[in-house]
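Okay, so here's the structure we're looking at.
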Amino acid sequence: MILLVALACALVWTWVRGGRIRNLQHIPLRGLGFVLAAFALQAVLIYLPIPRENRELVNVPVLLVSFGLLAVFLWQNRELRGVKLLAAGFACNALVMVLNGGYMPVTYEALAAAGKAHLVTDASAGALVYGSKDILRPAAETALWFLSDIFVIPPPFPVSGVFSAGDVLIAIGIFRLVPWLFGAGKSVLPGTSEASHLL
Amino acid sequence: MDTKQESKKLNPAVVRVLLLLAALAALALAAGAPACIGCF
């Protein structure tokens, strides 16, 4: 939800800065199918119950395919504003997830501080966090702990949750990309040669 | 016939925006990894 809220805020920010739908003459993003396929694969991974003993066997290969699709999409669009930040955030998340068995590690303490303890069935290491790519893991047993979900937005903030440094980079990338797509703060259209100096 | 007429009414700009928003949401959800319900 946190990143969808960031997207919604970026749309509002775009409108405030003068971005309009009529400025979107075409979608300059290439390879949209790659990102939709990557999303679909991850949705299957998250909502399909995989037995604990088979998790690494299934999770890591599917996740790698999904990450590969995302990487192709980001590479194809690397020249667009904000995409390099998006790619950096994605790389941080992907790296820590691959090194930790295909899931994003989070400590029970961080989850509880965000008021999300009800999303796990128990507090033991290895428990999956419902509706997310997260898995409970103590900080001491987490590879690249500083890139895992360590930042907490506690209640009573309406969008409470736990997120990573990679998520922050992705949110900033969205805030750079979306206004540019809708022509906010400039008089030339995205995707035209006149816009190239704004990249 | 009715379906044909309905499809003609779809504004290409609206379709474009909806497709773009769907792609951006999918990108944020697939690349990001926060821990909160329904947010991947």
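Every chain is numbered from 1 and lettered A, B, ... according to where its sequence line falls, protein lines coming before strand lines.
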Max heavy-atom pair count under 4.5 Å with chain A, selected residue of B:Pro12, B:Ala23, B:Ala13: B:Ala23

Distance, nearest 0.5 Å, that separates CG of A:Leu24 from CG of B:Leu20: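 Here the interatomic distance stands at 5.5 Å.
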
CG on A:Leu11 to CG on B:Leu24, rounded to 0.5 Å: 7.5 Å

Of the backbone (N, CA, C, O) and the side chain (C-beta and beyond), which part of [X] lies under 4.5 Å from a heavy atom of chain B, both, or neither?
X        : result
A:Val159 : neither
A:Leu41  : neither
A:Phe73  : side chain
A:Leu177 : side chain

With sequence neighbours excluded, residues passing ring-ring contact (aromatic ring centres under 6.0 Å, His included) with A:Phe90: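 By the ring-ring contact (aromatic ring centres under 6.0 Å, His included) rule, A:Phe90 matches A:Phe67.
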
Greater than 12 external heavy atoms within 6.0 Å of A:Leu144's CG: yes

Nearest non-hydrogen partners of [X] and [Y], listed with the distance:
X        : Y       : result
B:Arg16  : A:His26 : CD-CA, 3.8 Å
A:Met97  : B:Ala33 : SD-CB, 4.1 Å
A:Ile174 : B:Ala28 : CD1-CB, 3.8 Å

[X] and [Y]: same hydrophobic cluster, using ILVMFWY side-chain contacts below 4.5 Å?
X        : Y        : result
A:Val58  : A:Tyr103 : no
A:Trp75  : A:Leu95  : no
B:Val17  : A:Trp13  : no
A:Leu128 : A:Leu111 : no
A:Phe182 : B:Leu18  : no

Check against side chain to side chain contact (heavy atoms under 4.5 Å, CB included), B:Leu29 and A:Leu4: CA-CA 8 Å; B:Leu29 292 174; A:Leu4 290 184; 4.1 Å; yes

Best-contacting candidate, A:Leu7, A:Leu29, A:Ile27, against chain B by heavy atom pairs under 4.5 angstrom: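 The answer is A:Ile27.
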
